[in-house]
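Quick caveat, the model's predicted, so the values are computed rather than measured.
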Amino acid sequence: MAFAPVLHAEWIKIRSLRSMLWALGAIVLATAGFSALAALDADGGGFDPLFSAFFGVSFGQVAAIAFGATAVSSEFQGGALRVSLSAVPQRGRWFAAKAVAVGGPALAVGLGTGFVSLAVGTAVLGEKANGLTWTEGLRGAVGCGVYLALMALFAAGLTALLRSGVATLGILIPFLLLVSFVIGDMSGTVADFLPDKAGQMVLHETPEGALGPWSGLAVTACWTAAALLAGAWSIRRRDA
């Protein structure tokens, strides 16, 4: 079967699940909402107006992860994967279509989220955001969208490897909300190369540590590529 109809079928699956649409909506609401709250209390030394405007991405990424994990984990319920692979025997092609069906909407919603968060964050910051240039704002908004899409795909690949959305969420969410926060201030260490900390460098006006804005995003892309390759290997080698 050609790639286009496979992709169309995977997109129909995603848009027909209400939980998928709720997860996409939650990306926007969580990111913009927490960014506005952070901007209200932004002050003090080391203040970064750009990161304050995008602070909510730390919470919006949870919804992006849930979107990617749920999109793949639904295949492991009720024998759905066997049906999918019966229709598309080329397992690599099927998984590639699934990844595009996850990454495309996540990127589109992520980009929208980036510009909404920028607008809301800078509006709440008021005069505190006067130092931001339009290029920094554009970089933050685009970087936010790419980062959220990468995290959704990272979760999708990990779910295909573990064959469980619950296991993926049980690993990633505590890591992102607890472990990564605890060690995230250790700049110049291995913490700079964690998937979330590296990718979020693009959201800082002046990144500190070993990585720059785009090199940090490239590190996150490498984590995502590794997860997708591992997921593709699992789909191809293990029984449906």
* To do: Determine the interplanar angle of the Trp223 and Phe154 rings, folded into 0 to 90°, and report it as parallel if under 30°, tilted if 30 to 60°, perpendicular if over 60°.
  => perpendicular
* Would you mind listing every salt bridge (charged side-chain N to carboxylate O under 4.0 Å, His left out) that reaches into residues 136-162, with sequence neighbours excluded? => none
* To do: Can you establish whether the number of heavy atoms outside Arg15 located under 6.0 Å from its atom CZ is more than 12?
  => yes
* Side chain Lys197, main chain Gly216, donor-acceptor under 3.5 Å -> no
* Asked: For the side chain of Ser234 and the backbone of Ala160, is there at least one donor-acceptor N/O pair under 3.5 Å apart?
  -> yes
* Cut-off 3.5 Å, side chains only: do Lys128 and Ser52 have a donor facing an acceptor? -> no
* To do: Kindly compute the distance separating CD1 (Ile27) from OG1 (Thr113), expressed to the nearest 0.5 Å.
  => 6.0 Å
* Is a donor on one side and an acceptor on the other found under 3.5 Å between the side chain of Thr220 and the backbone of Pro195? -> yes
* **Pairs involving residues 51-73, ordered by first then second residue, that meet salt bridge (charged side-chain N to carboxylate O under 4.0 Å, His left out) (sequence neighbours left out)** => none
* SG-CG distance between Cys144 and Leu203, expressed to the nearest 0.5 angstrom -> 6.0 Å
* Structure fact -> Here the gap from Leu37 atom CG to Phe55 atom CZ, rounded to the nearest 0.5 Å, amounts to 9.5 Å
* **Pair Ser19-Thr70, side-chain donor/acceptor within less than 3.5 Å** => no
* Does Ser117 reach the main-chain N or O of Ala53 with its side chain, forming a donor-acceptor pair under 3.5 Å? -> yes
* Structure fact -> Rounded to the nearest 0.5 Å, the CD atom of Gln200 sits from the CE atom of Met151 at a distance of 8.0 Å
* **Side-chain (Glu75) to main-chain (Val72) donor-acceptor, under 3.5 angstrom** => no
* Asked: Looking at OG1 of Thr224 and CG of Leu228, how far apart are the two atoms once the value is rounded to the nearest 0.5 Å?
  -> 6.5 Å
* Where the side chain of Thr122 meets the backbone of Ala119, is there a donor-acceptor pair that is under 3.5 Å apart? -> yes
